[in-house]
Amino acid sequence: MAEGPQYTSCVQPPDFKPIDLGIIGALAIVSIATLFSGVFAVVAMAGIVQILRYVLDWMLNGKLICLHRDHTNGCNCGSDGGTVCVIGEIADTEGIGEDKNPVADVDNDFAINLMLAPFSVHEFWSSYNAFTETVDGKKVEVSARESTLRKATGVPHPVSEPFIPPQPATRPQGDLLRLQPGMPSDKGKLIFGVYTGGDGKTIFEGYFRTMIYHTLSSEYYSWTELFGKDYLALGVGEPDTGKAFGDYIIKHPDAKKFEAPVLHCEFEGSRIRDMLDVIEAFSLGGSWCKKNFFFRAICTLLQSVFAPIILIALAAAWANADDGNVADALEGGGSIGSKDKIILRGRWAYDGGHAGYNEVHATRTVQKVYNIPQDPKEFENFRLEWCAKMSEIPRVEDIGVHPLTPTEQATHDNQQKPENQWTFHPDIDGCLPNDDGADLPVLR
């Protein structure tokens, strides 16, 4: 089966450390102070290299927090519970560099945003426009996003409670969107519709994309499908798209704008990995640098001496990196876009590098599906059947490293049989199994 690449790793919740802006600031001050100082310009270059090394390593190996799905949800697609299977409809896609500044383009992942099945766009729209809810017989005020997210996850809890409802979820896949125990903001409180952590800085609000809903026809479109980049999701306006939406409203008076809760799913590009590899290569490899303080000092010295050459090599690595794409992961080839219904498999993680939300990162396999049931009970049977099939496929990174599940092992054993080793077609370069164990060529 097709499988997309995965370059990043995730850390367990107790091991997560936010990026240290103090380190970056100190190195930046040294670099700026020495950049125009003649012979000391090499020190500035060394500082820039160390900033890049620190940031790239954090983005690759420290930003994502591993999530482990409760086995009672019945849709884990790997032995560790961290690999999940998800069914839904694509709201929209995010191209390489979309909604990012040039510096953030170092992350060259491609992404899709998935509305989790079963869902109702009408319900999303109506809840988004309902700013009060009845909770335990009392009227409470909630933000539009909070109200919508409650509908998506099936959580009727009062807004004063932490956003960690008990299992099982009232929505078949609602747990994938909800804040999980152990995350940086799981001990915070709700302020203006988002959960803020105990430090008052980290927040969790889920991931949303702007949608357009026609109340008369029940048709719906993503903002990006009609107007391009989703500036509204960033909380900023943009004159051209704002005018375009105004013109659209004149032609379609029943069109309403709302934000849909989605599961953000990324297909990894190689740029962060490639650039970090360049820096580590000039310290004779990166693994030994982490043994102790002495070795770290030697590595830093080597990287500083070679800084001018490293910066040139980094520019080449940036330009030659492989962008994230769906093609490697999409079973059967082709392309996917808005309104396509899919099941995907990938690692479930919490992104600690943003305001905070759950996502699939990296997405490893994608399969188009059809006729997804909307009735919750029918959908649950549909989901379990698909997850059982997806769970039979061993993950490449587990083979020879981690024990496979019995179904994964059976698939792997069958893949190794000579009759399944053909490349072009069984009739061309295949063989038939023989009772005595000898494999004979196929004669046609």
Go through the side-chain N and O atoms of Glu268 and Thr8 and say whether any donor and acceptor fall under 3.5 Å apart.
yes
Backbone N/O of Arg271 and side chain of Asn108: donor-acceptor pair under 3.5 Å:
yes
State yes or no: are the ring centers of Tyr248 and Phe227 separated by less than 6.0 Å?
yes
Looking at Leu116, is its backbone amide N or carbonyl O close enough to the side chain of Glu89 to form a donor-acceptor pair, meaning the two atoms are under 3.5 Å apart?
no
Side chains of Ile112 and Leu344 in contact at under 4.5 Å (non-hydrogen atoms)
yes
Supply the atom-to-atom distance Cys85 SG to Trp348 CH2, rounded to the nearest 0.5 angstrom.
13.0 Å
Indicate the atoms forming the closest heavy-atom contact of Lys63 with Asp107, along with that distance.
NZ-OD2, 4.4 Å
Chi angles and distances behind the side-chain contact (heavy atoms from CB on, under 4.5 Å) call for Ile342, Gln367
CA-CA 6 Å; Ile342 62 171; Gln367 170 76 52; over 6 Å; no
Within the structure provided, determine whether Phe110 and Asp323 are in side-chain contact (heavy-atom separation under 4.5 Å).
no
Is a side-chain N or O of Glu219 found less than 3.5 angstrom from the main chain of Ile212, in a donor-acceptor match?
no
Any donor-acceptor pair under 3.5 Å linking the side chain of Arg347 with the backbone of His361?
yes
Quick one: does Asp57's side chain have a donor or acceptor within less than 3.5 Å of a partner on Arg53's backbone?
no
What's the shortest heavy-atom distance between Gly337 and Thr93, and which atoms?
CA-CG2, 4.4 Å
Counting C-beta onward and ignoring hydrogens, is there a side-chain heavy-atom pair between Pro172 and Pro118 closer than 4.5 Å?
yes
Kindly give the heavy-atom pair with the smallest separation between Asp175 and Gln180, and that separation in Å.
O-NE2, 3.0 Å
Mind listing the closest non-hydrogen atom pair of Pro373 and Phe379 along with its distance?
O-CB, 3.6 Å
Cys265: disulfide bond (SG atoms under 2.5 Å apart) partners, not counting sequence neighbours:
none
How far apart are the C-alpha atoms of Leu314 and Ile310, what are their side-chain angles, what is the distance that settles it, and do they pass the side-chain contact (heavy atoms from CB on, under 4.5 Å) test?
CA-CA 6 Å; Leu314 284 173; Ile310 291 176; 3.9 Å; yes
How long is the span from the CZ atom in Phe208 to the OG1 atom in Thr210, to the nearest 0.5 Å?
10.5 Å
Is any side-chain heavy atom of Val11 less than 4.5 Å from a side-chain heavy atom of Asn61?
no
Side-chain heavy atoms of Leu276 within contact of Met59, under 4.5 Å
no
Criterion side-chain contact (heavy atoms from CB on, under 4.5 Å) on Phe267 and Asp328, from CA distance to verdict:
CA-CA 9 Å; Phe267 300 78; Asp328 294 333; over 6 Å; no
A side-chain contact here means heavy atoms from C-beta on lying under 4.5 Å apart; do Leu176 and Asn358 qualify?
no
So which atom in Val262 and which in Leu177 form the shortest heavy-atom distance, rounded to 0.1 Å?
O-CD2, 3.4 Å
Determine, step by step, whether Leu263 and Tyr207 satisfy the side-chain contact (heavy atoms from CB on, under 4.5 Å) criterion, reporting the C-alpha distance in whole Å, the side-chain angles of both residues, the deciding distance to 0.1 Å, and the verdict.
CA-CA 7 Å; Leu263 183 65; Tyr207 202 85; over 6 Å; no
Quick one: pull up CZ in Phe119 and CD1 in Ile372 and give me the separation to the nearest 0.5 Å.
8.0 Å
Side chain Asn381, main chain Glu378, donor-acceptor under 3.5 Å
no
Got a second to check how far His264's NE2 is from Arg209's CZ, nearest 0.5 Å?
8.0 Å
Decide side chain to side chain donor-acceptor pair (under 3.5 Å) for Asp92 and Ser338; before the verdict, give the C-alpha distance in whole Å, the side-chain angles of both, and the deciding distance to 0.1 Å.
CA-CA 5 Å; Asp92 67 354; Ser338 295; over 6 Å; no
With a 4.0 Å cut-off on N to O distance, would you call Lys251 and Asp247 a salt bridge?
no
Closer than 3.5 angstrom, by distance alone: can the side chain of Arg345 be matched with the main-chain N or O of Arg364 as a donor-acceptor pair?
no
Any side-chain heavy atom of Lys368 within less than 4.5 Å of one from Lys341?
no
Spacing of Phe382 atom CZ and Ile343 atom CD1 [to the nearest 0.5 Å]
7.5 Å
Output, in order, the C-alpha distance, side-chain angles, deciding distance and verdict of salt bridge (charged side-chain N to carboxylate O under 4.0 Å, His left out) for Glu380 and Lys377.
CA-CA 5 Å; Glu380 186 63 12; Lys377 291 184 178 179; over 6 Å; no
Rounded to the nearest 0.5 Å, what's the gap from CG on Asn113 to CD on Glu266? Could you check?
9.0 Å
Heavy-atom donor-acceptor pair, Gln173 side chain to Ile87 backbone, under 3.5 Å:
yes
Using modelled atom types and a 3.5 Å cut-off, is there a donor and acceptor pairing between side-chain atoms of Asp109 and backbone atoms of Gly269?
yes
When every non-hydrogen atom of Met115 is compared with those of Ala260, the smallest separation belongs to SD-CB, 4.1 Å
In terms of relative ring orientation, are Trp125 and Tyr213 parallel, tilted or perpendicular, with 30° and 60° separating the classes?
tilted
Using atom types as modelled and distance alone, determine if a side-chain donor or acceptor of Ser270 lies under 3.5 Å from a backbone N or O of Asp322.
yes
Students often mix this up, so state it plainly: with edges at 30° and 60°, are the rings of His214 and Tyr221 parallel, tilted or perpendicular?
perpendicular
Relative to each other, are the rings of Phe245 and Trp223 parallel, tilted or perpendicular (30° and 60° limits)?
tilted
Is the shortest heavy-atom distance from the side chain of Asp274 to the side chain of Tyr7 under 4.5 Å?
no
By salt bridge (charged side-chain N to carboxylate O under 4.0 Å, His left out), which residues pair with Glu225, not counting sequence neighbours?
Lys339
